[in-house]
Amino acid sequence: MILSQRLNKRFEEVRRRGEAALIGYIMTGEPQLPRTLEYIKALEAGGLDVLELGVPFTDPIADGPTLQAAHARALRQGVTVHTALQFVRELRKSSELPILLMTYYNPIYRLGEESFARRCSEASVDGVIIPDLPIEEATSWVNQARKYGLARVFFATPETDTERVKKICEYASGFLYLVSRYGTTGAHETLAPTAIPLIERVRPLVPQDLRLAVGFGFSTRAQIEMVVRAGVDGVIVGSALAARIAEGASPETITDYVRELKAGTRPLP
Amino acid sequence: MVAKAPSKQSTTKLSELPHEGHFGEFGGQFVPEILIPALKELERAHKEITARFDFQSELKALRADYGGRPTPLYFAKRLTEHAGGARIFLKREDVVHGGAHTLNNALGQALLARAMGKRRVIAETGAGQHGVAVAMACAVLGLNAEIYMGARDIERQALNAQRMKVLGAVVHAVTSGSQTLKDAINEALRDWVTNVPTTYYLMGSVIGPHPYPMIVRDFQRVIGDEIKGQLLRREQRLPDLLVACVGGGSNAIGTFYPFVSDEKVQFLGVEAAGAASLSRGSIGVLHGAKTFVLQDEHGHIAETHSIAAGLDYAAVGPEHALYKKLGRGEYVPVSDAEALEGFRLLARLEGILPALEAAHAVYAGVQRAKRMKRDQIMVITLSGRGDKDLETVVRYDTQPTPEQTL
């Protein structure tokens, strides 16, 4: 199977327009289960390039308070991997938005890596992000993801040394996810002092066929402009969107917010 | 009795584990990428620093003069007569300074933290015994301690929460999830990813990502090493059965591990019935390790219940998972009511108040002793003392717990 064509194609289009990709996160079941699709459409209408769709877990150790609350709400509504996959199938009827599932490892392990990868592929998921699966534990997952044409997103952080970044790039496909700051997920107004040095250090290490996206703490157009100028191919916004949706923002408000963020991905020289 | 290990796995050298961070198929490092370099640094430090003579002699001196080691191996005559079977010895970890075995590990890791140049120490705690031990170790070594404890556990172990504060630790109440040990670990991990360059995470049990299950085991094996020496001197033989309670499983691994190659010595691990991950769970991944976990069909972690906060945990150390899989250890559940029976029995027959955690081991040990011969020897590890639990015991008599009403 050809590897995550939809995702690579999208990155190509975005690059041709001289932009970076805006990657946005929503937890399956937010703000309520019947309305998630409506909000995904709102994200798309604002110019979102790639969607990260959350699968809830009881113990989301990499997440701050905003996304912890989203996990808890989704669990209370009975959301599972299967619910998320159903959303993707539904969305695919009318959209070619590249979609990555974001899930902790245990739900995948419980279902079985192969079974999970196959179901993702059948539902036209383009890739998977697993925040608690470092490359040391990922050999069998990488094989399954490869077999079913799913992008394998791995992380690099301010703690990751050069040698390790190179090794992670060998496991990754789609994009390399740079963690811009120390800490859990959560919106901040300013760019972490670690962000730009990290991008500048990692950029030359990333092979041609792998994109570079940065996340953790992004909520403003100004932050996005700064990292795009520093040379990333994509910026991930998670908690800032989740917080607005949880606070009751309308789909129109979300569309406007995404449009503003998206403007940051095409900074003037 | 304990099943024999399958022959195809009999070549597994249990005494040399873990191998590349794994205990057979269990263990590993299922953590966010940002923690991997810290775990590698910790593994290196553990290997290099703890091997040094000055480290070992300082630890030995602290354990003896500060901690009160070696702890007695006490022949429980009246408990033995009551059971009417095997001779029962008690390994008295309840008399360690602070009132539990937890100081063994806390002192060792706090020394390691200091040697690594990390002055900020964070830890999780369930019953509060590990928190108290960390607070003590940090006080005596001049380090700063911050302890994460579930709000529900603070409520039922109020005395220990107070002790930590008096000892100079900062106590963070965790209000997420079930507000117990699992959630305290989640919060401690979140703190660690935020402060990893400056902070040492002092894990309290043989759980979590590699190398923690190995480090905590190596600092707790003093329990089993002492049992071996004490029993050989006194009885000129090894025990037939070792009994210890298992939450994460640190006092049990500390008891069992030095006997792992003594094939005739059998292990009995005792879990809380409402948190029996080995007896009733399935394989999954929680807090960085692949192990037995209480979970539903979707891989969501179950909420657990035990009258003993220190056993109230949905997973278990990966080394226990391997012992179970290989048949090297047997693991049984004990209910709240049964644990209380063990608590009262030991109080009245021997004048010892065991921690409710250890009371699980007392109950299962007595039941098992009844079926053993009079010339056989059993050692039950009393992981801690029960002063902290008096209020819970009294309350239980008037107000049934959820498990009781099932």
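What you see is a predicted model; the values in this text were computed from it and never measured. Lettering follows sequence order; numbering is per chain, from 1.
Top candidate by heavy-atom pairs under 4.5 Å with chain B, chosen from A/Y105, A/F155, A/F154, A/Y109, is A/Y109. Per-residue counts of heavy-atom pairs under 4.5 Å with chain A were compared for B/I185, B/D183, B/I283, B/I36; the largest is that of B/I36. In terms of heavy-atom pairs under 4.5 Å with chain B, the best-connected choice from A/G64, A/P60, A/A72 is A/P60. Counting heavy-atom pairs closer than 4.5 Å to chain A, the top residue among B/G21, B/P209, B/G284, B/G177 is B/G284. Counting heavy-atom pairs closer than 4.5 Å to chain B, the top residue among A/P131, A/P134, A/A156 is A/P134. Contact count against chain B (heavy-atom pairs under 4.5 Å) is highest for A/R164 among A/R164, A/E136, A/H71. Between chain B and the options A/D161, A/N106, A/I108, A/L133, heavy-atom pairs under 4.5 Å are most frequent for A/N106. For the options B/V293, B/T194, B/N195, heavy-atom pairs under 4.5 Å to chain A are most numerous at B/T194.
Considering OG1 of A/T58 and CD of B/Q295, their distance stands at 9.0 Å, rounded to 0.5 Å. Here the OG-CG distance, from B/S178 to A/D59, works out to 8.0 Å after rounding to the nearest 0.5 Å.
Residue-environment remark: NE2 (A/H82) exceeds the threshold of 12 foreign heavy atoms within 6.0 Å. In the displayed structure, B/E25 atom CD is contacted under 6.0 Å by more than 12 heavy atoms of other residues, nucleotides or ligands.
A/Q68 is not listed as a side-chain neighbour of B/N186, based on a closest heavy-atom distance of 4.5 Å or more. In this structure the side chain of B/Q29 reaches within 4.5 angstrom of the side chain of A/E137, judged on heavy atoms. B/V196 is listed as a side-chain neighbour of A/E159, based on a closest heavy-atom distance under 4.5 Å.
When heavy atoms are compared at a cutoff of 4.5 Å, B/P32 approaches chain A by way of both its backbone and its side chain. Only the side chain of B/E187 comes within less than 4.5 Å of a heavy atom in chain A; its backbone stays farther off. For B/D296, the part sitting under 4.5 Å from any heavy atom of chain A is the backbone (N, CA, C, O) and nothing else. The contact between B/I34 and chain A is made by backbone and side chain atoms together, counting heavy-atom distances below 4.5 Å. Contacts between A/V79 and chain B at a heavy-atom distance below 4.5 Å involve the backbone alone (N, CA, C, O). When heavy atoms are compared at a cutoff of 4.5 Å, A/I130 does not approach chain B at all.
Nearest heavy-atom pair, B/E33 versus A/T157, reported as atom, atom and distance to 0.1 Å: CG-CG2, 3.8 Å. Scanning all heavy atoms of the two residues, the minimum distance from B/R190 to A/D63 falls at NE-O, 3.0 Å.
Side-chain atoms of A/D132 never come within 3.5 Å of backbone atoms of B/F30 as a donor-acceptor pair (strictly under, hydrogens ignored).
The only member of B/V193, B/L189, B/L35, B/L286 that meets side chain to side chain contact (heavy atoms under 4.5 Å, CB included) when paired with A/I61 is B/L189.
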